[in-house]
Colleague: 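Following this message is one structure expressed as structure tokens.
Just so it is clear, the structure is predicted and the values come from calculations on it, not from any experiment. The figures here come from the full heavy-atom set of this structure, side chains too, leaving out hydrogens, waters and symmetry mates.
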Amino acid sequence: MPHLDDTLTDPVEAERLLGATGRELDALLARAAAMRDAGLAAAGRPRVVTYSRKVFLPLTTLCRDRCHYCAFVDTPAQLLRKKAPAYLDDAQILRVARAGAAQGCKEALLTLGDRPEDRWPEARAWLDAHGFASTIDYVAHAARLVTAETGLLAHANPGVMTPRELATLRPVSPSMGMMLETTSRALFETPGAAHYGSPDKDPELRLAVIEDAGRARIPFTTGILVGIGETLADRAASLFALRDVHARHGHLQEVIVQNFRAKPSTAMQGEPDAARDAYLAAIAVARLVLGPDMRIQAPPNLSDPGELASLLAAGIDDWGGVSPLTADHVNPERPWPHLDDLAAHTAAAGFELVERLTAHPEYVRDPAGWIDPALHAAVAQLADPATGLARQARALPSRRRRGTMLLETAASTPRELDAADWEHLLTATGGDLERLVRTADDVRRTTIGDTVSLVVNRNLTSSGLRRVPTAAGSFGLADAEAIARDAASLGATELCIQGRLDHTEDPALYVELVHAVRAVAPLLHLHAFRPQDVADLADRTTIGVAAAVATLRGAGVGTMPGTGVKVLDDDIRRRIAPGDLEVDRWLEIIRTEHAQGVRTSSVLFYGHVESAAERIAHLLTLRGLHDETGGFTEFVPSPIPGGGARVADRSDLDEHRAMVAVARLLLNDGIRHIQIPWTRHGRAVTAELLRSGGDDLGGTLLDGRVRPDTGVEQGLELPFAEASRLAGSLRRRLRERTTVYGTPAEAAA
């Protein structure tokens, strides 16, 4: 039961504070933060902010509602065009759950549309064919399956439920959730408003579900959505409604205060995002209304990284579920922060990030009162008995699966396969290849989501840099400054610089080039200098690799290309690319870059003399290095120009499809993004490879208006609008990304 002594008890005062700005807002945030700190201290975990390590399982994207801001929902026709299922089947569910368990996840978030069988005959037909009376029965099956097979605890989020349906899910899901969003009837009843035409968004109906969950003794997650057209009075009324129901039952384990973010291809795509001050005020008022004992959550992926400290300052103490594996399928344009980055942001604000279970510790420590007996053993297996938080280590039982189950093992627990298994998959033909490609793309869909990403960038080939440019194609530092200004003015967020300086030029030019670009375009991210270029700077200045990397990083290089070897095999290097770095030297430089916090891409150039075994060895080396450093941003399977050699008797297209599909399966639990080098394939083949497990198009490669001849792939542009059409032809949305796969701040503003 919350302590209400110091809480806000007057809805009129709460409404006034929700509009606070300036000094009044600062004072409001300080008051809320102090209440949060007192509550954490009383709970025995001072300065601890929690999160749940989860996998996101979108069981179905069919729904009977028509919320005007939703990008999660599909129609049956859209699913057909995507070649996506109406509901995930057991194999698809377990692929994701097993992969999540292997990465230490303990929660499976089961999210879906509301009662799709009431609107779509296709949903009813699928349920009938699979023996389920309703979608809720299917959710119960999925939850039971996940816990039995992987040990993950299900958090069911199926929308509006009857008391009987809550009782059906309680023995398989130790916690449940449903956002209240708002008590505003105007948003539900007014044509054109956010909830109009969505029967499950009736606020009275949703409050009744939350009340029923309390009567059923279910640890429950709910919250409000800020910025969908509700008034300040609506926000205050929503918070007080939640306070009152919790006062009666004590079952609200957390309240989410979520900021509206407009999504493309929705009715509200043109609406402004929730204003920053209004959002912070909503968090702070939620804390003051709900009291020091309530866990207040803000989704970390819906704010820019630089804003996370302000959310903590406003009084939150929980980040919710964050996945190291799966996308936020409800907000696919907003990727989760890396858990290490989230921990660093939390620590910088003076807090410790600690993992919890899907049920919060207060409820875990009282299983007789809150957890169904059928789940006591499963919860105890994952809970620290002293704190009720998550155990910090968990062994995953090994389930070796061979023969006909080889592909399923590759999709769910890929580290159980050895090199020979992967070679077998890489050389698949005919029906085996089609199954490989379908499975890889299914893994892509359920982990990365149905987005295609692209960075707006331009190339600059630094091998043409001269102190005094005279030869054709050469350029000077003044040209580089003009190129950077032009790229930034065209909307580029990245400048990619590659190329070893001519041996007659001063190696100091590497660093001077970075300084010159940063001086005129300080917001432009520099993805610059291959391992060969770093080695050249290190060797010719005799400062060594570590100092060379540190110097470039200090000058302003953000990330580095991980190119420079075709295949990680010295015999192949000697035969086809003797000018490449030796493999050990390449690995030394990449390790040094990662150790200094510089992330890199990774590449395999295939199709010359290498065998299937040598390709797989390359991938396994990259995966092992990423396990060690966590430093790769993406993998690019790139055919060698003029190559065309195959490792199986099949077409060139099938060779590329197999390469992309195996890369997705082998690397998916580490190097998350598979980039399709569209400049090597052309638009039509690129589309096929995006259907084979790929999720990224690399960069737009703008030529720009200044010295386009200095770009290594001049004349090959992929304008954002054209890339959007390419993604749209696959029924996927294009997402602009940063170099490290975040969301550009200017695109989110």
Side-chain angles (χ1 to χ4, degrees), residues 55-65 70-100 108-146 149-150 154 156-159 325-330 332 405 407-408 410-412 431 433-452 657 661 664-665 668 688 690-695 727 729-733:
V55 291
F56 194 128
L57 284 164
L59 296 183
T60 179
T61 56
L62 297 174
C63 184
R64 71 172 180 173
D65 294 327
C70 180
F72 175 76
V73 168
D74 292 302
T75 66
Q78 288 170 330
L79 290 177
L80 188 64
R81 287 194 290 270
K82 289 181 181 180
K83 299 181 180 179
Y87 292 77
L88 299 185
D89 62 24
D90 288 3
Q92 292 166 322
I93 290 167
L94 289 177
R95 284 172 193 162
V96 180
R98 287 187 177 121
L109 173 62
L110 309 183
T111 295
L112 57 151
D114 278 81
R115 303 187 186 281
E117 66 268 36
D118 287 359
R119 179 180 178 189
W120 301 112
E122 294 86 347
R124 181 70 268 165
W126 190 96
L127 293 168
D128 289 344
H130 291 80
F132 297 113
S134 67
T135 293
I136 293 296
D137 285 345
Y138 158 74
V139 173
H141 165 78
R144 190 179 300 109
L145 177 71
V146 164
E149 290 291 321
T150 70
N157 193 32
L325 179 70
T326 52
D328 179 353
H329 291 273
V330 173
M405 295 299 292
L407 190 53
E408 281 304 312
S412 58
L433 175 61
E434 296 308 315
R435 283 186 287 275
L436 169 69
V437 167
R438 280 199 305 270
T439 301
D441 203 43
D442 190 47
V443 168
R444 183 275 307 161
R445 180 183 300 111
T446 52
T447 56
I448 302 301
D450 270 331
T451 57
V452 175
R657 293 167 75 214
R664 164 60 63 199
L665 295 174
N668 191 63
E688 286 301 315
L690 287 170
R691 291 190 183 101
S692 304
D695 70 291
S729 71
L730 306 175
R731 307 304 300 174
R732 286 155 73 178
R733 290 185 294 277

Colleague: So how far is it from T447 OG1 to N668 CG, rounded to the nearest 0.5 Å?
Modeller: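 That separation rounds to 4.0 Å.
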Colleague: Under a 4.0 Å threshold between the charged nitrogen and the carboxylate oxygen, would R445 count as salt-bridged to D441?
Modeller: yes
Colleague: For the pair T60 (side chain) and A86 (backbone), establish whether a donor and an acceptor sit closer than 3.5 Å, ignoring hydrogens and angles.
Modeller: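 Answer holds: yes.
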Colleague: Looking at CG of L88 and CD1 of I93, how far apart are the two atoms once the value is rounded to the nearest 0.5 Å?
Modeller: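 The CD1 atom of I93 is 5.5 Å from CG of L88, to the nearest 0.5 Å.
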Colleague: Working to the nearest 0.5 angstrom, can you tell me the gap between D89 CG and D442 CG?
Modeller: 7.5 Å
Colleague: Minimum heavy-atom separation for V443 to A411, with atom names?
Modeller: CG2-CB, 3.7 Å
Colleague: To the nearest 0.5 angstrom, please state how far the CG atom of D74 sits from the CG atom of L80.
Modeller: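 Nearest 0.5 Å value for the CG-CG distance: 11.5 Å.
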Colleague: Could you pull out the closest heavy-atom pair between R733 and A727, with the gap in Å?
Modeller: C-CB, 4.2 Å
Colleague: Looking at the rings of Y138 and H130, which for Trp means the six-membered one, are their centres under 6.0 Å apart?
Modeller: no
Colleague: So do the side chains of L62 and P76 get within less than 4.5 Å of each other, counting heavy atoms only?
Modeller: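 A side-chain contact exists here, since the closest heavy-atom pair is under 4.5 Å.
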Colleague: Using a 3.5 Å distance criterion without hydrogens, assess whether the side chain of E117 forms a donor-acceptor pair with backbone atoms of T135.
Modeller: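 Looks like yes, one N/O pair under 3.5 Å.
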Colleague: Taking the side chain as everything from C-beta on, heavy atoms only, tell me whether V96 gets closer than 4.5 Å to F56.
Modeller: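 Contact flag for V96/F56 side chains = no.
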Colleague: Are any side-chain N or O atoms of R98 and backbone N or O atoms of S412, one a donor and one an acceptor, separated by less than 3.5 Å?
Modeller: no
Colleague: Within the structure provided, determine whether T61 and Q78 are in side-chain contact (heavy-atom separation under 4.5 Å).
Modeller: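 Sidechains of Q78 and T61: no contact.
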Colleague: Considering all heavy atoms of both residues, which atom of A99 and which atom of L325 are nearest to each other, and what is their separation?
Modeller: CB-CD2, 3.6 Å
Colleague: Decide side-chain contact (heavy atoms from CB on, under 4.5 Å) for V73 and D65; before the verdict, give the C-alpha distance in whole Å, the side-chain angles of both, and the deciding distance to 0.1 Å.
Modeller: CA-CA 9 Å; V73 168; D65 294 327; over 6 Å; no
Colleague: Do the non-hydrogen side-chain atoms of L407 and L436 ever get within less than 4.5 Å of each other?
Modeller: yes
Colleague: Is there a donor-acceptor pair closer than 3.5 Å between any side-chain N or O of S692 and the backbone N or O of R657?
Modeller: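 Side chain of S692 to backbone of R657: no pair is present.
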Colleague: Within the 4.5 Å heavy-atom criterion, are D90 and E149 side-chain neighbours or not?
Modeller: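 Heavy-atom side-chain distance check fails, nothing below 4.5 Å.
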Colleague: Determine the minimum heavy-atom distance between G113 and P116, stating which atoms define it.
Modeller: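 The pair with the smallest heavy-atom distance is O-CD, 3.6 Å.
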Colleague: First locate atom OG1 of T326, then atom CD1 of I448, and finally report the distance between them rounded to the nearest 0.5 Å.
Modeller: 9.0 Å
Colleague: Look up atom CZ in R119 and atom CZ in R64, then write down how far apart they are to the nearest 0.5 Å.
Modeller: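 Reported value, rounded in 0.5 Å steps: 11.0 Å.
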Colleague: Walk me through whether R435 and E408 qualify under salt bridge (Lys or Arg N to Asp or Glu O under 4.0 Å).
Modeller: CA-CA 10 Å; R435 283 186 287 275; E408 281 304 312; over 6 Å; no
Colleague: So does G449 get a backbone contact from the side chain of H329, meaning a donor-acceptor N/O pair under 3.5 Å?
Modeller: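 No, the answer is negative, given that no donor and acceptor are paired below the 3.5 Å cut-off.
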Colleague: For residues D450 and L730, determine if any side-chain heavy atom of one lies less than 4.5 Å from a side-chain heavy atom of the other.
Modeller: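 Contact flag for D450/L730 side chains = no.
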Colleague: Name all residues meeting the side chain to side chain donor-acceptor pair (under 3.5 Å) criterion together with D128; count only those two or more places apart in sequence or in a different chain, and write none if there are none.
Modeller: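 By the side chain to side chain donor-acceptor pair (under 3.5 Å) rule, D128 matches R124.
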Colleague: State, to 0.1 Å, how close D695 and R732 come at their nearest heavy-atom pair, and which atoms those are.
Modeller: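 Scanning both residues completely, I find the closest heavy atoms to be CA-NH2, 3.8 Å.
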Colleague: Using side-chain heavy atoms (C-beta onward) and a distance below 4.5 Å, is V146 in contact with L57?
Modeller: yes
Colleague: Looking only at non-hydrogen atoms, find the nearest pair between R664 and G693 and report the distance.
Modeller: NE-O, 2.8 Å
Colleague: May I ask you to decide if C63's main-chain N or O and R115's side chain share a donor-acceptor pair within less than 3.5 Å?
Modeller: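 Checked: no pair found.
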